[in-house]
Protein chains: 4
Amino acid sequence: MCSDSGHETTEPAAEQVADAGQPSPAAGKALIDELVLANHILFDNGVVDSFGHVSARHDVRPDRFLLARNMAPGSVTADDIIEFDLDAKPVNGRGRKVYLERFIHSEIYRARPDVVAVVHSHSHAIVPLGVVRDFSLRPLFHMAGFLGAGAPVFEIRDYGGNGTDLLTRNQQLGRALAAMFRQNSIVLMRGHGSTVVAETLQKAVYRAVYAEINARYQLQVSGLGAITYLTPEESEACVNSVEGQIQRPWDFWKQQAQERRRL
Amino acid sequence: MCSDSGHETTEPAAEQVADAGQPSPAAGKALIDELVLANHILFDNGVVDSFGHVSARHDVRPDRFLLARNMAPGSVTADDIIEFDLDAKPVNGRGRKVYLERFIHSEIYRARPDVVAVVHSHSHAIVPLGVVRDFSLRPLFHMAGFLGAGAPVFEIRDYGGNGTDLLTRNQQLGRALAAMFRQNSIVLMRGHGSTVVAETLQKAVYRAVYAEINARYQLQVSGLGAITYLTPEESEACVNSVEGQIQRPWDFWKQQAQERRRL
Amino acid sequence: MCSDSGHETTEPAAEQVADAGQPSPAAGKALIDELVLANHILFDNGVVDSFGHVSARHDVRPDRFLLARNMAPGSVTADDIIEFDLDAKPVNGRGRKVYLERFIHSEIYRARPDVVAVVHSHSHAIVPLGVVRDFSLRPLFHMAGFLGAGAPVFEIRDYGGNGTDLLTRNQQLGRALAAMFRQNSIVLMRGHGSTVVAETLQKAVYRAVYAEINARYQLQVSGLGAITYLTPEESEACVNSVEGQIQRPWDFWKQQAQERRRL
Amino acid sequence: MCSDSGHETTEPAAEQVADAGQPSPAAGKALIDELVLANHILFDNGVVDSFGHVSARHDVRPDRFLLARNMAPGSVTADDIIEFDLDAKPVNGRGRKVYLERFIHSEIYRARPDVVAVVHSHSHAIVPLGVVRDFSLRPLFHMAGFLGAGAPVFEIRDYGGNGTDLLTRNQQLGRALAAMFRQNSIVLMRGHGSTVVAETLQKAVYRAVYAEINARYQLQVSGLGAITYLTPEESEACVNSVEGQIQRPWDFWKQQAQERRRL
């Protein structure tokens, strides 16, 4: 818990990382296309800007995952997708710069075999909400039932001391963050943003969008009176019901993303 | 009032529902075109996003109504409009997925012969305002005089218990919601959104847009000092006056919707 | 001060008003073009939407003024500009619908020979700010120095009673509103919006834009601590200095308006 | 500290200023192109509108700097860039109007040899935040670590008295402002905006964008509870880490700026 403990691992934090291992049998084109689209949808919906990233577990080798090279999500193409192993080492990076925080993804995929997609972002209501002490992200409408399972705040000072750059830039910090995912599908990161997980890519995107909207609503009504949040039972019922409808926003977001990019 | 009472009816909640009855004499093309346009205008004005829906009573058979298939309103076309009976069963669905909450529409049309159009939405100021206890949507400017007749909050727990998914997904809940429309033309739905009715489609759209704007204003000024709301007499005078002007915004919204969709 | 006194004048409030008098020698094409542009700029900057209007005094006959027919400002063209006399009667309306509130313009032009342009709008920070009692629009940055001369609130109940539709729909109410312009160039209208005047059209547009921005700022910081507003001397110095720079925003707004409309 | 002391210098405040000295060997085309791009990026990100300006130190003659002529930043082209000396006199102005506040730039370049770029703006969260007494801009997320070195407020009344137009319109005021830059890279200007400096143009733009975002966050969460700001050590670590990543937003902003302008 001292300030340099955040750098104790031997993982390189540098952005250009030598390839390790052999590329897997190619990930399905459909998965790669969907991951590219997820990047665009998250940008179009204001969840990511020049920063933030989204990954998907490899559909052939579950000990690998796919993530864009170090670039703004809004312009990612299929050629920008790199395969990584669970040590967050690229296997087909060919020298391209990678995200410093790829350990968020690798350690969650290692710890949680059920997770298939991870979104890390600095969305504009989540960041401020996450720095208010004694304030929690809680579901106040049916689209955000998944928040009923909790939205704990990752305080990096507990793991890296008072002098980190807030980034989850090594295995140790990635492990600490990953350990905070239990029933919950989101962890807020104090002074930084959030990470969202799901068992499908579409659902991870959906949850990142609606966590942000719910956070905005909470900021708007704080101080106006007592708030009626969803009960645990309502939250669970909403997850079961509403998350069965996400093909609808996905189809629409896809259509908009393609029109904006003239595909 | 127990948590499973929300599912007591025999209405199927599933999205694919067998057609019932015979299609009516075709609804007027003008009505269908106007309903398509209403979908687009509501999207363009931020009242609906990937969710929310708008319906119109059939112009030949008043025991039928028109509503899009289960899809995002912003891309609805005439081919997506389905005719429903007052049991919320499609008559020409041909297996297409339908909205879970079509009972909002059917039960209002059944209970209120004067209502010709219904908008259900989750607009971004109405949702948070609706979860603040002891807080009411009240008209603070002339464009929202229709709020002077009241804007009660539908608490689904009173009808479906503490464990619903917040959705008005059957006849029983639809009836309960419909019963809350008396003089008022809007009902807020706690943790969910709102439903707006009117005797014309243009007016329902207009009211949905301006209810949202009025809600935003109320959120902005809460806590700043005492607010001067419209008197009941002012509200009524505003309805009589301003709602005679809605061809103006409608024409403009139509022009914008068509330009955006390059028609 | 009774509720029907608002209708005591013989002016017709109806929207279709017979032409009176003879058209003036044609207003300069440059003035008409600038008025059309002012409509577009006010729309593009969010000051007007489907409602609101802007007028200019006739450049040949100072007892006449120019104002669009009853339509949304964002699509006004030169053919939509109508000439009015100071009784708010169109002289070349040819049966086209006119704004109910044209008396705002006529009575200000009658009372204030120095005023050359009038903007009436319902902009989105001015409306809510105007309904908070004991709250004033005051200049907090250099672009809004003109607010230093005051921003009184027109309470229509003082002139039309508690049951008006909030609209300045006749000469009597127009006169009452016009009388509130002294040193100040803006009057807020409770539950309605505001009216802004200036000795040039460009300046009236500029002031309407920046009054709205200043109002937004005030709403944002209320309750955060004591605010440092401009001193009267600073306000005056800002008017003298900054309002000499308005060709710059005007040129830019013009360029944007033309690009958006592909001229 | 009297109100006219702000005009004591012999510098002309007028906008058309005679050229002084000889043009330098031409500034590099790359620098000019990057400065044009910086103008566009600042506009696209809402930091400047019709007002505000960005300059860069001349890459051949460090006693000169480059700044657009008096115009809106969003439409600046290479032909609009003028070279100035450290007395804020244009050397190749050829009679074109120049910014009244060019002294902000000249005096900072004179006082701080390490500074290579200066952004002056009136961005929409910085202005209101800056007028709240006893309120400071402080870093609450990792992208704004540079705020950890301080964000003092320039009170022009301390140098120009209670009757200025708030503008830094002469050498004396420019010197006073420049003297407030020590470790900090931003100075807020009460009732006006802010000025940001950096050792590269990209970094100055980055900081202006993220200072605005951090200010918006602070306005959103004030009053909601105790805020966890970055520690001084975290701020410093964030500067070292995150500001090594700014090529990523720059590349993306550049791509967007070019697409919007069809280059």
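Please read all numbers here as calculations on a predicted model, not as lab measurements. Every chain is numbered from 1 and lettered A, B, ... according to where its sequence line falls, protein lines coming before strand lines. Keep in mind that the numbers below use all heavy atoms, side chains included, and drop hydrogens, waters and symmetry copies.
Most heavy-atom pairs under 4.5 Å with chain D, from the set Leu167(A), Asn70(A), Asp134(A), Ile156(A): that is Asn70(A). The residue among Ala125(A), Ala72(A), Gly191(A), Gly130(A) with the most heavy atom pairs within less than 4.5 Å of chain D is Gly191(A). Interface summary for chain A: among Gln247(D), Gln218(D), Gln245(D), the most heavy-atom pairs under 4.5 angstrom belong to Gln245(D).
Nearest heavy-atom pair across Glu234(D) and Asn162(A) is CG-O, 3.2 Å.
Taking CD1 of Ile213(D) as the start and NE2 of His124(A) as the end, the distance is 5.0 Å to the nearest 0.5 Å. In this structure, CG in Asn45(D) is found 9.0 Å from CG in Asp49(A), a value given to the nearest 0.5 Å. Between the CG atom in Asp165(A) and the CG atom in Asn240(D) there is a gap of 9.0 Å [rounded to 0.5 Å].
For a residue to count as touching a neighbouring chain, one of its non-hydrogen atoms must lie under 4.5 Å from one of that chain's; by this rule Arg133(A) touches chain D with backbone and side chain alike. For a residue to count as touching a neighbouring chain, one of its non-hydrogen atoms must lie under 4.5 Å from one of that chain's; by this rule Glu236(D) does not touch chain A. No part of Trp250(D) comes within reach of chain A, as not one of its non-hydrogen atoms sits under 4.5 angstrom from that chain.
Between His142(D) and His192(A), the two ring planes are tilted [angle within 30° to 60°]. The aromatic rings of Phe51(A) and Tyr210(D) lie perpendicular to each other, with more than 60° between the two planes, well past the 30° mark.
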**Message:** Under the criterion side chain to side chain donor-acceptor pair (under 3.5 Å), I'd like the reasoning laid out for Thr231(D) against Arg157(A): C-alpha separation, chi angles, the key distance, then a yes or no.
**Reply:** CA-CA 10 Å; Thr231(D) 62; Arg157(A) 290 177 194 164; 4.8 Å; no

inquiry  = Determine whether Val221(D) and Leu129(A) satisfy the following criterion, side-chain contact (heavy atoms from CB on, under 4.5 Å), listing intermediate values before the conclusion.
reply    = CA-CA 7 Å; Val221(D) 296; Leu129(A) 188 150; 5.9 Å; no

Open item on the list: Show, in sequence, the C-alpha distance, side-chain angles and deciding distance for Val131(A) and Phe141(D), and conclude whether the side-chain contact (heavy atoms from CB on, under 4.5 Å) test is met.
Closed with: CA-CA 8 Å; Val131(A) 302; Phe141(D) 79 136; 5.7 Å; no

### Derivation and outcome, side chain to side chain donor-acceptor pair (under 3.5 Å), residues Gln255(D) and Ser75(A)
CA-CA 9 Å; Gln255(D) 176 189 328; Ser75(A) 7; 3.2 Å; yes

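Side-chain atoms of Ser50(A) do not come within 3.5 Å of backbone N or O of Arg248(D) as any donor-acceptor pair.
Ion pairing between a basic and an acidic side chain is recognised when a charged N comes within 4.0 Å of a carboxylate O; Arg261(A) and Glu259(D) show no such pairing.
Evaluated for a side-chain contact (heavy atoms from CB on, under 4.5 Å) with Leu166(A), the options Ser235(D), Cys238(D), Ser241(D) yield exactly one hit, Cys238(D).
In this structure, Phe252(D) has its ring center closer than 6.0 angstrom to the ring center of Phe43(A).
A 6.0 Å sphere centred on NZ of Lys97(A) holds more than 12 heavy atoms belonging to other residues, nucleotides or ligands.
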